[in-house]
Structures are given as C-alpha cells and as structure tokens.
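In this text, all values refer to a predicted model and were calculated from it rather than measured experimentally.
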Amino acid sequence: MKKLLSALPISALNRSRAILIAGTFLLFVMALPVLAEAGPDAEAINWLNLGMGLFGGLALFLFGMEQMSEGLKAAAGETLKDVLARLTRNRFAGALTGAFVTAVLNSSSVTTVLVVGFISAGFMTLSQSVGVIMGANIGSTFTAQIVAFNVTQYALIMVAGGFLMLFIGKAENTRHYGAMVMGLGLVFYGMGVMGDAMLPLRTYQPFLDLMVRMENPLLGILVGAVFTGLVQSSAATTGIAIVMASAGLISLPAGIALAFGANIGTCVTAVLASLGKPVEAVRAAMVHITFNVAGVLLWVMFIPQLADFVAAISPSAPGLSGKAQMAAEVPRQIANAHTVFNVANTLIFIGFTTFFARLVEKLVPERIAEPGVIIEPEFLDEAALVAPSIALQQVRMELGRVGAIALGMLQDVAPALRDRDMKRLEKIALRDDEIDILELEILNYLAKLRRGSLTEQEGLEFQGLMIATDNLEGLADIIETDIVSLARKLTNIKSNSGDETRKMLQELYISVTKSVELAVQAVRDNDQQAAASVLMMKDTLREQSQQLLERKAMRLVADDPDYLALVRLEMSFVDQMRRIYTLAKRIAKVTLPPVIAQRD
C-alpha cells in the first residue's frame with residue numbers, strides 16, 4: 001500500500017491520510033462478522049456496502065479538497081506573495097491576512113510556517129504574529145462554508161466541466177481553475193456517496209443512541225479532536241459532520257461540539273510541523289494551541305446559546321419536519337456556527353496578543369545551541385512545500401542568510417589584509433563551511449519542491465534560485481580559497497603598496513563589495529532595481545580594474561624581486577575582485593526578466 005501511494009503525486013500529509021483511510025477500511029471489513037450479529041436492526045443493513053460507500057466517499061472528499069486547494073493555490077500564487085509582501089504590523093490587518101492565506105491554502109499549519117519565517121527574519125515580532133494566527137482559524141472555516149451548500153446533484157457536472165478545463169485548456173490559469181472546479185465537484189460527489197451510504201443508519205438504533213450521546217459536549221469535542229488529529233484536517237472533520245447532518249443523523253449541538261473538537265485537533269498539525277524546528281516555530285505552534293483551547297473553554301458552556309443564535313441567522317425549512325427538516329437546516333447551521341465561533345474568538349482575544357506572546361515565551365524558553373552544530377537552516381520548512389510560491393519565498397529568505405554570510409566574509413577581508421592578520425583570515429575561511437551546509441540544505445529543499453507541480457512562472461523562479469545558490473557558494477569559495485591564499489603569500493613580502501595604489505585597490509574593493517550587497521538584496525527581496533544597479537556598475541568596475549592593471553604593468557620593470565612579487569599579488573587580487581563581480585552579476589540577473597538579463 002505504501003509503495004503504491006508513494007508513486008502518486010500527493011503530499012506526505014495526504015499520503016498519511018490515504019493510509020489511514022485504507023487501514024480503517026480494512027479494520028471495518030475485519031469487523032463485519034461482529035456487526036452482522038449486532039441485533040435485529042443490523043440484518044437490514046449491508047455493512048460491506050455501507051463501509052465501501054463511507055470510506056470511498058471520504059477518499060473522494062479528501063482528494064477533491066486537495067485538488068481544489070492545489071488549483072486555488074496555483075491560481076492565487078502571485079496574489080499570495082503580494083498579500084504577504086504587504087503584511088502590516090496592524091493586528092487587525094494581520095488577522096485578515098491570516099484568514100485569506102489560510103482560506104487559499106486550506107491549511108492553518110502553512111500559515112503558521114509563514115509566521116515563523118517572518119519572525120525569524122525580523123519582519124514581525126511574536127506579539128504581532130498572534131493576530132495572523134488568530135485569523136488563520138477564520139480562514140479554516142472557508143471549506144466548511146463551501147461544503148454546506150451541498151449541491152450534490154450538480155457534482156458530476158462540475159467534475160466534467162473541471163476535467164475539460166484541466167485537460168483541454170491551453171492557458172495555465174484555465175487549467176488551474178479547472179483543477180479547482182473538478183476538485184469541488186469531487187468534494188460534493190464524495191459527500192453524496194457518504195450521505196447515501198449512511199442513510200440505512202437512520203433506522204439503526206445503536207448508532208442513533210451514539211449520536212444522541214454526541215450531544216454531550218465533552219464527548220463530541222473529544223471525538224472531533226481525535227479524528228482531526230488523525231486525518232490532520234479540521235475541514236475534513238467539519239465536512240463529515242455536515243454530511244451526517246445532511247442525512248439527518250446528527251443534531252446541531254452535536255455538530256458544534258465536533259467543530260469545537262476540530263479546532264483543538266488541528267493543533268496537532270502545528271505541533272508536528274514545529275518538532276525539531278527553531279524556538280520561533282514552537283512558540284507559534286504554542287500560540288495556536290493556547291488560542292484554540294482557550295476559545296473552546298470559553299464557549300463550551302454556551303453551546304445551546306450558540307445553537308439558538310445560528311439557528312436564528314441561518315436559512316430555515318419551515319415546510320419540512322423531523323429528520324427531513326434537520327437534513328435541510330443543520331448543515332448550514334453547523335458551518336455558520338464554526339465561522340461565528342472563530343470570528344467571535346478572534347474579536348474577543350485580539351486585544352490580548354501581547355499577553356499570548358508573553359505567555360508562550362515563558363512556556364517555551366530560548367534553547368541552548370546544541371554542541372557540534374555549525375549552522376542549521378531557519379526558513380526551509382517542509383510544511384510550506386504544499387504551496388510552491390510560498391516555499392520559493394522561504395528559499396529566498398534562506399538565500400538571504402547565505403548571502404549575508406558571504407557578504408560578511410568579503411567585508412572582513414579588507415581589515416584582515418591591511419593588518420596581515422592570519423588568524424582573522426583563517427576564521428573568514430572557516431565561515432565557508434556554513435555556506436556549504438546551507439547550500440546543501442537549500443538544494444535538497446528545492447529537490448523536494450520539484451517533485452510537486454509548478455506553474456511556468458514558479459518553474460522559472462525555481463531555476464533562478466538554483467543558479468543563485470550555486471553562484472553564492474562559488475563566490476564564498478573564491479574568498480575562502482583564493483583571497484586567503486593571496487593573504488598567506490602577502491605575509492612573506494616585506495614591500496608595501498604605494499598610497500595611490502592602495503587608494504585604487506580600496507575603491508575597487510568597495511565597488512565589488514557594494515555589488516555583492518545589492519545582488520544579495522536582489523535575490524532575497526526579489527528586488528529588480530537592486531539587480532539593475534549591479535549590472536549598471538559594470539563600466540565603473542571595468543575602468544577601475546583596467547587602470548589598476550595598467551599601473552601595475554608599468555611597475556613590472558622594477559628589479560626588486562620582493563616588489564615584483566607584491567605587484568603580481570595585487571594583480572591577482574584585482575582578478576579575484578573581477579571574478580566576484582561576475583558572480584554577483586549572475587546572482588542579480590536571476591531576478592530580472594530574461595529580455596533585460598540577456599542584454600549584458
């Protein structure tokens with residue numbers, strides 16, 4: 001089973017869901033003899049057909065959600081990046097951002113990953129991030145609202161229409177929207193299959209007794225939390241509650257309790273995503289947990305009042321009665337209760353973002369660095385791989401770290417060479433190990449990202465980041481190997497450069513250092529202006545290096561061997577500076593449109 005699933009183009013999370021469904025179905029089949037002897041009511045139920053319909057419908061439901069989410073993520077990839085780029089420090093705007101991103105990604109855990117990245121990069125504090133995490137809970141209700149429409153009679157039309165758009169459409173966006181429509185159709189079709197399969201349970205008294213007991217808030221919350229923790233999707237739990245309500249099998253209070261449990265169970269995903277991650281990731285996950293648990297504790301005693309409120313604001317079916325009326329009204333009421341609950345919690349707790357931040361800082365103190373660990377990536381979180389546009393942004397941020405290390409090495413070269421300080425130069429060379437480690441981590445992360453589907457734009461960005469990674473590592477190697485080697489030779493030479501030569505060398509060094517700084521800024525921030533500035537420095541650097549080489553060429557006629565060795569080292573230094581600038585240009589070009597990058 002694992003071997004078969006590993007061949008499918010699905011994420012590890014969805015693979016685990018598929019294994020869970022298949023395993024549970026096998027257990028169900030093994031339990032058929034017991035179910036067949038469960039009593040007189042059980043004789044009228046074909047348990048095998050019920051199990052196939054229930055688990056097969058659940059598989060279609062989850063797969064449809066995945067397809068819908070993938071299409072939406074691909075179509076909204078650039079929009080997501082724009083929203084994140086404009087992320088403000090205002091807590092209310094942060095909550096709206098968290099809601100939007102989670103609604104698109106259908107994953108509050110990925111939103112938490114993004115928050116961790118912003119905290120680590122210094123773009124926002126933990127206190128400012130709490131609003132985004134609160135908003136993520138609102139966004140997680142988006143799927144439930146769609147599912148509550150329950151237009152199962154149109155499901156196959158949507159599947160067929162989406163299929164045509166996906167496989168016939170020539171425009172990339174058309175195919176993305178096709179995947180989204182087909183996924184939505186599969187969601188509704190899976191709902192219909194599950195609902196039809198469960199209809200016989202409406203007369204099965206043991207199951208009806210169990211549903212009555214689910215109205216006990218603690219039991220309903222426990223069941224919802226456990227199931228959500230297993231499938232790692234609060235939308236799936238709420239969706240199944242809506243399906244059961246559509247069959248008239250579950251009451252509104254029981255559905256609300258399950259939704260409350262789903263809010264707690266979804267924290268399992270955030271906790272799993274934070275395992276082994278930096279302390280910021282653990283704190284963000286802890287914010288998610290404390291907020292969700294506090295919200296459920298606040299409302300658990302007011303489920304009847306919440307049920308009355310959503311019943312009053314939701315559409316009614318006065319022409320029906322009994323189970324038929326429940327089936328018509330309760331699905332929308334559960335979805336509305338889920339949304340009202342999360343919106344109300346955000347409005348109540350958003351004024352306490354600083355309190356939440358201080359609480360989790362006490363619960364999760366700073367870690368002491370493990371001995372023997374040179375450096376670890378901060379932004380390459382695998383949870384972000386489900387959204388390629390976001391994962392590529394994570395790579396940019398990690399490349400920013402690599403670039404900062406390389407830039408720091410270059411900036412430290414001048415004082416070390418001036419003082420002929422070999423110890424400082426050796427420390428500079430050792431920092432190349434940090435770049436080598438991060439380069440390997442980035443390339444491994446990009447390899448994992450490439451296993452999924454990328455849009456044409458994402459594919460180009462992927463290639464550019466691969467090039468930037470390789471050239472940054474090459475730039476650091478020049479400093480580690482060639483510059484340090486020149487410095488070693490310089491310590492054995494007694495002659496010194498003249499004032500004019502030192503001034504010219506310093507001007508060239510400053511220009512090259514500035515080009516590297518701009519190139520790092522360009523790739524980290526996707527800054528085309530910074531990239532263009534790097535290319536515009538070409539003539540200045542060519543002139544500076546040419547003047548130096550001409551000056552040194554005239555001095556080669558001197559008879560002093562020591563001085564001649566110094567001249568050769570200076571000329572070699574000029575050559576290394578030119579090589580570094582060439583790599584800085586290559587790094588900057590990946591940010592520019594091909595038509596501009598190819599001009600140089």
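Checked by atom type and distance alone, the side chain of Q67 never pairs as donor or acceptor with a backbone atom of L184 at under 3.5 Å. Using a distance-only test at 3.5 Å, with no hydrogens or angles considered, a donor-acceptor pair links the side chain of E458 to the main chain of T455. With hydrogens and angles disregarded, no donor-acceptor distance shorter than 3.5 Å links the side chain of E441 to the backbone of P377. Side chain of T481 to main chain of I478: no donor-acceptor pair is present (N/O by atom type, distance under 3.5 Å, no hydrogens or angles). Without hydrogens or angle criteria, Y581 side chain to V534 main chain gives a donor-acceptor distance under 3.5 Å. No donor-acceptor pair under 3.5 Å is formed between the side chain of T141 and the backbone N or O of N137.
Annotation: side chain of N345 is not in contact with side chain of M134 (no heavy-atom distance under 4.5 Å). Using a 4.5 Å heavy-atom cutoff, the side chains of K589 and I467 are not in contact. When side chains are defined from C-beta on, I428 counts as touching I479, because their heavy atoms get closer than 4.5 Å. The shortest distance between side-chain heavy atoms of M397 and R524 does not fall below 4.5 Å. Contact annotation: the side chain of I289 never approaches that of I264 to less than 4.5 Å [non-hydrogen atoms, C-beta and beyond]. Counting heavy atoms from C-beta on, the side chains of E473 and D477 come closer than 4.5 Å. Residues M466 and I442 fail the side-chain proximity criterion, which asks for heavy atoms closer than 4.5 Å. Residues I435 and M409 meet the side-chain proximity criterion, which asks for heavy atoms closer than 4.5 Å.
Within a 6.0 Å sphere centred on OH of Y509, heavy atoms belonging to other residues, nucleotides or ligands number more than 12. No more than 12 heavy-atom neighbours from other residues, nucleotides or ligands sit within 6.0 angstrom of CZ on F163.
Residues N526 and E461 have side chains that never bring a donor and an acceptor to within less than 3.5 angstrom of each other. Side-chain contact of R579 with Q576: a donor-acceptor pair under 3.5 Å is present, judged by distance alone. Checking N342 against N263 by side-chain atom types alone, a donor-acceptor pair falls below 3.5 Å. Side chains of Q411 and T513: a donor-acceptor N/O pair is absent below 3.5 angstrom, by distance only. Side-chain atoms of T266 and T228 include no donor-acceptor pair closer than 3.5 Å.
The nearest pair of heavy atoms linking H338 to A259 is CD2-CB, 4.1 Å. What you find for A95 and T346 is that their closest heavy atoms are CB-CG2, 4.3 Å. Nearest heavy-atom pair across I483 and M577 is CD1-CE, 4.0 Å. A519 and A584 make their closest contact through CB-O, 3.5 Å (heavy atoms, listed as atom of the first residue, atom of the second, distance). Of all heavy-atom pairs spanning A476 and D432, the tightest one is CB-OD1, 3.2 Å. Minimum heavy-atom separation, A241 to I334: O-CD1, 3.9 Å.
Taking 4.0 Å as the cut-off between side-chain N and carboxylate O, R586 and D470 do not count as a salt-bridged pair. Taking 4.0 Å as the cut-off between side-chain N and carboxylate O, D525 and R396 do not count as a salt-bridged pair. A salt bridge is defined here as a Lys NZ or Arg NE, NH1 or NH2 lying under 4.0 Å from an Asp or Glu carboxylate O, and R578 with D575 fails to meet this definition.
Remark: F188 CZ to F61 CZ distance equals 9.5 Å, nearest 0.5 Å. In this structure, OH in Y445 is found 15.0 Å from CG in L440, a value given to the nearest 0.5 Å. Here L454 contributes atom CG and Q463 contributes atom CD; the two are 10.0 Å apart, rounded to the nearest 0.5 Å.
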(request) Run the numbers on F227 and I240 for side-chain contact (heavy atoms from CB on, under 4.5 Å), then give the verdict. (result) CA-CA 10 Å; F227 185 79; I240 289 173; 3.5 Å; yes
Only distances under 3.5 Å count here; give the side-chain donor-acceptor pairs of residues 399-407 to other protein atoms, sequence neighbours excluded, each with its distance to 0.1 Å.
from	atom 1	to	atom 2	distance (Å)
R401	NH1	E376	O	2.8
R401	NH1	E398	OE2	2.7

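Cation-pi geometry between R450 and F462 is met: the NZ or CZ atom falls under 6.0 Å from the ring centre, inside 45° of the normal.
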